[in-house]
Amino acid sequence: MSRLYGDPIEVWTRDGEPTQFVWRDRLYLVRRVLDHWVVAREWWKTSEADPGERQFWRVEASPGREVGSYELRYDTAGNGWLLLRAWD
């Protein structure tokens with residue numbers, strides 16, 4: 001079962017992939033990238049230079065021993081990250 005959130009998060013990356021993130025004051029270490037996809041939409045563009053892309057990452061991550069699955073989104077226009085979904 002998954003839950004939707006849409007919470008802003010701080011993310012660290014290496015070679016363009018998320019390696020860790022802070023969500024609700026807890027540091028999560030990304031153990032494995034499960035999937036990555038890009039969605040481009042014309043209406044997301046904020047300027048001509050903006051590609052209007054959102055990058056999505058499904059990762060296995062943990063704040064300790066318990067590993068969970070999380071969906072992260074990177075907004076190319078705003079240069080910001082969201083935690084969109086978490087699976088139990």
Side-chain angles (χ1 to χ4, degrees):
M1 183 170 146
S2 70
R3 294 193 173 112
L4 296 174
Y5 293 98
D7 293 345
I9 57 174
E10 186 174 354
V11 177
W12 289 264
T13 62
R14 182 179 308 121
D15 299 326
E17 291 189 359
T19 57
Q20 57 188 6
F21 59 93
V22 173
W23 179 45
R24 297 186 174 176
D25 297 324
R26 293 181 79 184
L27 178 65
Y28 289 75
L29 299 177
V30 174
R31 306 289 183 193
R32 184 166 63 127
V33 173
L34 302 172
D35 200 2
H36 173 245
W37 65 99
V38 177
V39 177
R41 298 288 186 255
E42 190 67 29
W43 65 82
W44 283 340
K45 287 186 171 192
T46 58
S47 70
E48 284 300 317
D50 178 9
E53 289 182 354
R54 304 299 183 265
Q55 294 185 22
F56 295 85
W57 299 85
R58 185 166 298 151
V59 300
E60 281 185 352
S62 66
R65 292 184 181 171
E66 189 175 319
V67 177
S69 294
Y70 303 89
E71 187 173 299
L72 314 178
R73 185 185 87 184
Y74 175 67
D75 177 352
T76 57
N79 197 30
W81 289 84
L82 296 176
L83 187 134
L84 292 180
R85 184 183 306 255
W87 283 265
D88 293 339

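Because the structure is a prediction, the values reported are computed rather than measured.
- With values rounded to the nearest 0.5 angstrom, R3 atom CZ is found 5.0 Å from M1 atom CE.
- By the side chain to side chain donor-acceptor pair (under 3.5 Å) test, E10 pairs with no residue at all, sequence neighbours left out.
- In the hydrophobic clustering, where aliphatic and aromatic side chains (Ile, Leu, Val, Met, Phe, Trp, Tyr) are joined below 4.5 Å either directly or transitively, L83 groups with Y5, I9, V11, F21, W23, Y28, V30, V33, W57, V59, Y70, L72, Y74, W81.
- Closest non-hydrogen pair, G64 versus R31, comes out as O-NH2, 3.4 Å.
- S69 meets the side chain to side chain donor-acceptor pair (under 3.5 Å) test with no other residue; sequence neighbours excluded.
- R65 is linked by a salt bridge (charged side-chain N to carboxylate O under 4.0 Å, His left out) to nothing, counting only residues two or more places apart in sequence or in another chain.
- The CD atom of E17 sits 10.5 Å away from the CD atom of Q55 when rounded to the nearest 0.5 Å.
- Evaluation of the side chain to side chain donor-acceptor pair (under 3.5 Å) rule for R32 yields E60 as partners, not counting sequence neighbours.
- Take D35 and apply the side-chain contact (heavy atoms from CB on, under 4.5 Å) test, not counting sequence neighbours, and it matches W37, R58.
- Inspection of the T19 and R14 side chains reveals no N or O donor paired with an N or O acceptor under 3.5 Å.
- Through side-chain heavy atoms spaced under 4.5 Å, either directly or across other Ile, Leu, Val, Met, Phe, Trp or Tyr residues, V38 is tied to no other residue.
- Every residue meeting the side chain to side chain donor-acceptor pair (under 3.5 Å) condition with R24, not counting sequence neighbours, appears here in chain and number order: D7.
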